[in-house]
Structure formats: structure tokens, C-alpha cells
Amino acid sequence: MKKCNQCGTLLDDNAKFCPQCGAQQSFEPTNENSLNASATAYNNQQANTYTPEQTNTFSPQQNNYNNGAMAENNIPLQPDYKSTSQNQFDAQQNFNAASQNQYDMPAASNQLLKKLPIIIFATMAAFIVCIGALACVFHKTFTNMYYKTFSSPASYYEHVEKANTHTLTSIFSKSYATGLEQLKQDTITQNVSYKLTLGSGMQTLLQALPMSGFSGLKDVSITGTTQQKGNDCESVAQLNINDVPFLTANTYLNYNTKEEYIQIPEINESYINLSKLLEEGSGENMDILFDFYKDTANKMPSAKDVETLSNRYIDLAIESHGTVKKSSANVKIGKNSKKLTVLTVTYEAEQAKDFIEALKKNVQDDKELKNIFEKVSKGSYSKFLKKVEEIDASDISTNGNSIKMMVYVDNNGNIVGRKFTLHSESNGDYSPLYYVTLQNGNTFHYSCTITPSADDTTEVISITGEGTRKKNIENSTYTLGVSQSIVDQSKMNTSYITDPSNLIIMEVKEFDLAASVKDGSSSGTFTFYTKAVPMLGLYKLKCVVNNKSVTDTNVEMSLLANQETLCTLTLQTDMKAKKINTIPANNANIMDMTDENFQYDYLADFDIETFLEEKLEKAGITIDSSTLQNFSYAINNVLNPYSMSSYDSYDDYDFDDYKLDDYTIDDDSIKIED
């Protein structure tokens, strides 16, 4: 029992409120049974002892008056002691549960100990996965470090050389696969456009040339569409001047029947049959050409075969090396220097002989190579094998001649340079080629030296470059220079060349290296100019490349003078479908080009001068009569070399009177035999 903390009435130990005055009591936790019993006793007592007179004794501190609501006779409603007790009871249960958890801690610790091996295993697995991921990212670096540290110089050289060359063959095979995929399509369509646009400066220059009365030329373009489906290959080519159609050529070729036709509708609606002429002129080679294009995709080797065979014979050449020595050197280009591993490989005459013999044996036993040759043409492998067998390794001189190659390797195993040295007993050492690239962070420097002649080592061609490569985007400048001795020995007028070390300069901006390697697409700007000839210092050739793929290209080449565009040549290709029809109709008039009267009949109704005048007028080009006649005369000589305008037919010529056998050349004079 306990007393009320306000009025002193005796209360049960677990009572929360005083039944006499209603004051809230301090809470002392007890066991669950006592709490339940006390709650029951309290509720019973409260129900039996409540009287209206007790209302005036309630403490003003109570919060359970139901917002001051009053019952009848102004008697306040009694607080819900039962509800309040239940809340306190729930709190007591939570407290008991928390206390029980404290007593259960040893059991939880035991469960944790049981799970500890699983936790350790999961942690180790995550660590191994992280290490594996890092190893994949830095695989080349780790592998290079292992070979460099633990293998012999020869093994390290073979590893580095194969890793680098296999990367190159992989890049090539991807581009090859893209092109081959286009050939495998049932219908191949390609659009090509060449357009030369003249700037205002070039138009002014043309007007100043000795062609009076010629003006208004703004652009010239040639557009073409080629479509191949099955054995049929059709194409349309069109010449446009100032975007006005000028001449059209429709051609049709059938790979099966070996028939080819051409039509120029502006000159004559008839078709020209070229079949006999092509076959007679090319013979067996034409048959091979037709057979090859008839089923090109099936005759070409797969990209995988190309990569496999390339790596096979490259590896054979790499493994045929001589002695290998490993060293290190600080290589310097300008102010940039870097420590590189140097692998010096010596090829003696004996290694060359061994390589040739190994090559011959591999070619003879290579079934994959044989299948590729036989797919292209039956019997071609036998011809190839015969040529290989004719190679005689004994012809290689052994009188002290050797080739020494120095391979420069960075810490990641990348070959960044080479130097070749030829040694002979008569001329000593001679280095025809040396190149190296140094990269520190995003900055790189490049240097290449070519010495064309062993007799005069002062003749040098040099290429230097520097710039940045950030996220595979290159911005750089390259300079091609030659030594003064090369200029002096050339047959050109060298008085205009004042600085041969800056013969050609190329600036590269925003060139995407990664895209060109990945899928053949490329983008960037390339600008060429010279400092060697002062009079050309104002001119630049600017090339803007925006190729979405190998088959979808867009290239613009502009000639600049003081940053002003003189003219621009635009090349565009794409594989968009465009329906064309160049097959001669059943009722079409077809002329045989091998017919001796063909040329006259074809051009009989064609007035060159009138044709030019009408077309140029439509294009908005002004030309005077004398210039027009000169153009007409030149075109007439191309189309009509026998001046047929003066004769009705070839029958007017007696070719027997003019045989080449009748002419002899004697002392720079021509004599006609009687």
C-alpha cells in the first residue's frame, strides 16, 4: 500500500490516480500480474465509490474533463480512468519488453557469433570482387609489370609486340566488319555527292582570267546514286551547274549476263551497249571481275578470319627475332622527357632465312588461308602457293648484314616508338627511321625522323608534333620539314623556299580518336598551310570532317586566303534508300558501241553549241559567243575525234589509205612508205 501524494489516502501500490482527490500518482514498475490485478481492482472500486459529491474535490490539474463538458445538474463528467489506466498499462508492457531484451543480450551475442563466418566470407568476397574489377581495368598495366619483372627480355618483347599489334588488327577487323555487313545486304544503295562552291573572291578571279564574257559561276556538283539488288547494279550520275541539272548518265550492269548499258538523255534518248567492248578489251580479267562482284559478300573472308590470319602471321614474324636486350633510357623531345624501357632486337641473316622457311611451311599447311583463296577464285590458292615456294632464302646475304630495331615501351606496355638501324660491312650503320611519342598527363609530344639515303645522311625528313589528348579528343599541331640538302637536290625552283623546316604545318582541332577506333566514325578540323614559301603564307587549306560511320561521311575542304573562303569542296556519302530505274525498256533503242557508225549516229542530231548556250543560260552564266565557240570546239573534239561534222558517215573515210604500218620514224622525221 502507498499514500496519495496529495491528500494522503491509502492507495494500492499500482494505483495511477487517487480515487479520493483524482491526483496522478508517481509510477513504480511492478510485475505484469500485479499491474493487471491493480487495474481490475481500481476499476471496480472506481465504479462502486463514485458519488456526485466527490466532483467538487477534483483537482483543477486534471486533463480528462473532456474539454470541460458538463453533465446534467452542472455535474462535471468523470475522467476516463479506465482509458488512462490502459495507456499506462501499455507503457508498462513496453518497459517490460525493453527490460526483457536486456536479459536476452547473451542470446543475441550467440546468434551474432554464429553469423560471424558468413559476414567474414561476404566481406572477403566483396574485397576479391573489387580487386578483380581493378585488375580488369588495369589488366594491361599489371600484365606488363609481371612480364617486365619476371620474364626474359625475349619473352617480354614478344608479349609487348603481340599485345600492341593485336590491338591494331582488332581495330582493322571492326572497320572491315562494318564494310562487309553493308555488302551482305540484299539491296545496297549509296548516294555520293561532290560539290565545288566558289566564294566571291574566286568568282572575281575567274572573271579576271582571259575568258572575256564568262561570269556567274557559283558552284559545280556531281551527284550519284548506285543501287545493287541481286545481279542488277544501277546508277545515276548527274552534273549540276549552279544547282541546275546539266548532264545525266544512267548506267545499268548485270553481273549474270555481263551486259552494261549507258544513257545520256540530254544528248540522245538511245542506250549505248558497252558489253562487247568491255569483254573484248579485258578478256579473262573482266570475267573474274564479274564473277567476283556477282557474289561479293560470300567470297569475302569474315572479319574473324581476317583478324585470326593477320595475328597468326604477325606472331610468326615476331617470334622469328634474334637476340633481345632490355635497358632503359631517358628519351627527350624538346623540353619533355620520359624514362622508357628499350628493347633492342637484332635480326641477323639467319633469322631472316628461318622466318622465310617457317612462312613457307605455314602457308602450305594453312587450310583457313586456302579456303579464303578458293572462295575468291578457284585455283587462286595454287597460284599463290607456287609463288611462295619460289622464294629462295639462300639468296639472303650473310656477309655481316643485320637489322637492329629499338622498341620504346612505356610503363603500361604501350609501344610508343621505334628506331631501325641497318648494318652492313660496306656502309656501316644507317638509321632510315626513328619515331617516338611522349605523353605526360594530357600533354604529348611527337617526333619522327626519316633518312631516305644511306649515301647522304644529311638528307632528312622530319615530322614533329605537340598538343593535348583529353578524353580521347586531340588538339595539336604537326610540322613537316625537310633538310636544305633535299631542297638543293630537287629539280624545283628553290629560290622561293626560305624555310624548308616548316614546309607543311597541320593544325588539328577537336579530333575524336576514340570514335574513329570504335566504329569508324570521326570528327574534327584539320588546317594545312606553309611557312616555307612566303608568297603562299596567306593561303590555308581547311578540312572539316564529320563522319557518322564508314559509309555515312561528310567532308568539307575549303581554300582560304586571309581567312576568306575562296572555294569549298564538299563530299557527302550515305546509304539512304532511293529508288532508281536505269534498265533499258523493251522498246528502247540500243546502239552498239562496237559499230563503226555508232558515234556519228549517236551525235547526228546533237548541236553542242546550242545545247551549251541553253544550259548556261538556265544556270545564270554569262558567256560571249567566241568563248562559247571555243567550249563547243573542245567538247566536239572529245565526243567526235574524227570531225564527223564534215562527213555523212564513216564510209567517207578510206582507212586503208592511212595505215600505221605506212609510217616509219627515222632521224626525228616521219616518212611515208610508197
Inset, instruction - Take Thr225 and Gln190, measure what side-chain contact (heavy atoms from CB on, under 4.5 Å) needs, and give me the verdict at the end. - result: CA-CA 6 Å; Thr225 300; Gln190 184 174 29; over 6 Å; no
Inset, instruction - Report the C-alpha separation of Leu198 and Asp219 in whole Å, then their side-chain angles, then the decisive distance to 0.1 Å, and conclude whether the side-chain contact (heavy atoms from CB on, under 4.5 Å) test is met. - result: CA-CA 6 Å; Leu198 306 182; Asp219 60 69; over 6 Å; no
Legend entry - Pair Thr568-Ser558, side chain to side chain donor-acceptor pair (under 3.5 Å): steps then yes or no: CA-CA 4 Å; Thr568 300; Ser558 302; 3.0 Å; yes
Inset, instruction - Report the C-alpha distance between Gln599 and Met593 in whole Å, list the side-chain angles of each, state the deciding distance to 0.1 Å, and finish with yes or no for side-chain contact (heavy atoms from CB on, under 4.5 Å). - result: CA-CA 8 Å; Gln599 199 167 20; Met593 195 171 186; over 6 Å; no
Inset, instruction - Take Cys543 and Val545, measure what side-chain contact (heavy atoms from CB on, under 4.5 Å) needs, and give me the verdict at the end. - result: CA-CA 6 Å; Cys543 181; Val545 179; 3.9 Å; yes
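Under the ring-ring contact (aromatic ring centres under 6.0 Å, His included) criterion, Tyr602 pairs with Phe598, not counting sequence neighbours. Judged as a side-chain hydrogen bond (donor to acceptor under 3.5 Å, both in side chains), and not counting sequence neighbours, the contacts of Tyr261 are Glu259. Remark: Asp592 pairs with Lys276 by the salt bridge (charged side-chain N to carboxylate O under 4.0 Å, His left out) rule, at least two apart or across chains. Residues forming a salt bridge (charged side-chain N to carboxylate O under 4.0 Å, His left out) with Glu556 (at least two apart in sequence, or on another chain): none.
Side-chain contact, Thr248 with Gln238: a donor N or O sits under 3.5 Å from an acceptor N or O. Looking only at atom types and distance, the side chain of Thr169 has no donor-acceptor partner in the side chain of Ser310 under 3.5 Å away. Side-chain atoms of Asn440 and Asn336 form a donor-acceptor pair, as typed in the model, at a separation below 3.5 Å. Residues Asn240 and Ser221 have side chains that bring a donor and an acceptor to within less than 3.5 angstrom of each other. Of the N and O atoms on the side chains of Thr527 and Glu507, not one donor lies less than 3.5 Å from an acceptor on the other residue. A donor atom on one side chain and an acceptor atom on the other are not found under 3.5 Å apart for Thr457 and Thr451. Between the side chains of Ser270 and Asn589, at least one donor-acceptor pair of N or O atoms lies under 3.5 Å.
The backbone N or O of Glu564 sits nowhere less than 3.5 Å from a side-chain atom of Asn562 that would complete a donor-acceptor pair. At least one donor-acceptor pair under 3.5 Å links the side chain of Ser173 to the backbone N or O of Ser170. Proximity of a side-chain donor or acceptor of Gln484 to a complementary backbone N or O of Ile486 within less than 3.5 Å is not detected. At least one donor-acceptor pair under 3.5 Å links the side chain of Ser453 to the backbone N or O of Asp455.
Rounded to the nearest 0.5 Å, atoms CD1 (Ile415) and CG (Asn164) are 4.0 Å apart. Atoms CD and OG, from Glu466 and Ser447 in turn, are 11.5 Å apart once rounded to the nearest 0.5 Å. Leu559 CG to Met557 CE: the interatomic distance, rounded to the nearest 0.5 Å, is 11.0 Å. The CD1 atom of Ile623 lies 5.5 Å from the CG atom of Leu616; values are rounded to the nearest 0.5 Å. Rounding to the nearest 0.5 Å gives a distance of 12.0 Å between OG1 of Thr565 and NZ of Lys540. Note that CG of Asn475 and CD of Glu510 are 4.5 Å apart. Values are rounded to the nearest 0.5 Å.
Two rings, from Tyr252 and Tyr271, have their centers 6.0 Å or more apart. Aromatic pair Tyr539/Tyr529: centroids not less than 6.0 angstrom apart.
Applying the salt bridge (charged side-chain N to carboxylate O under 4.0 Å, His left out) test to residues at least two apart or on different chains, the pairs with a partner in residues 225-245 are Lys195-Asp243.
No side-chain heavy atom of Leu541 sits less than 4.5 Å from a side-chain heavy atom of Leu560. Side chains of Lys509 and Glu474 form no contact here, defined as non-hydrogen atoms less than 4.5 Å apart. Residues Leu612 and Ile608 have side chains in contact (heavy-atom distance under 4.5 Å, counting atoms from C-beta outward). In this structure, the side chains of Val460 and Val482 stay at 4.5 Å or more apart for every pair of heavy atoms.
Between Tyr435 and Tyr446, the ring planes lie tilted relative to each other; the angle falls in the 30° to 60° range.
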For residues 570-577, please give each side-chain donor-acceptor pair under 3.5 Å, one per line with the distance, not counting sequence neighbours.
| unit_1 | atom_1 | unit_2 | atom_2 | d |
| --- | --- | --- | --- | --- |
| Thr573 | OG1 | Thr551 | O | 3.3 |
| Thr573 | OG1 | Thr553 | N | 3.3 |
| Thr573 | OG1 | Thr553 | OG1 | 2.5 |
| Asp574 | OD1 | Asn191 | ND2 | 2.9 |
| Asp574 | OD1 | Lys576 | N | 3.1 |

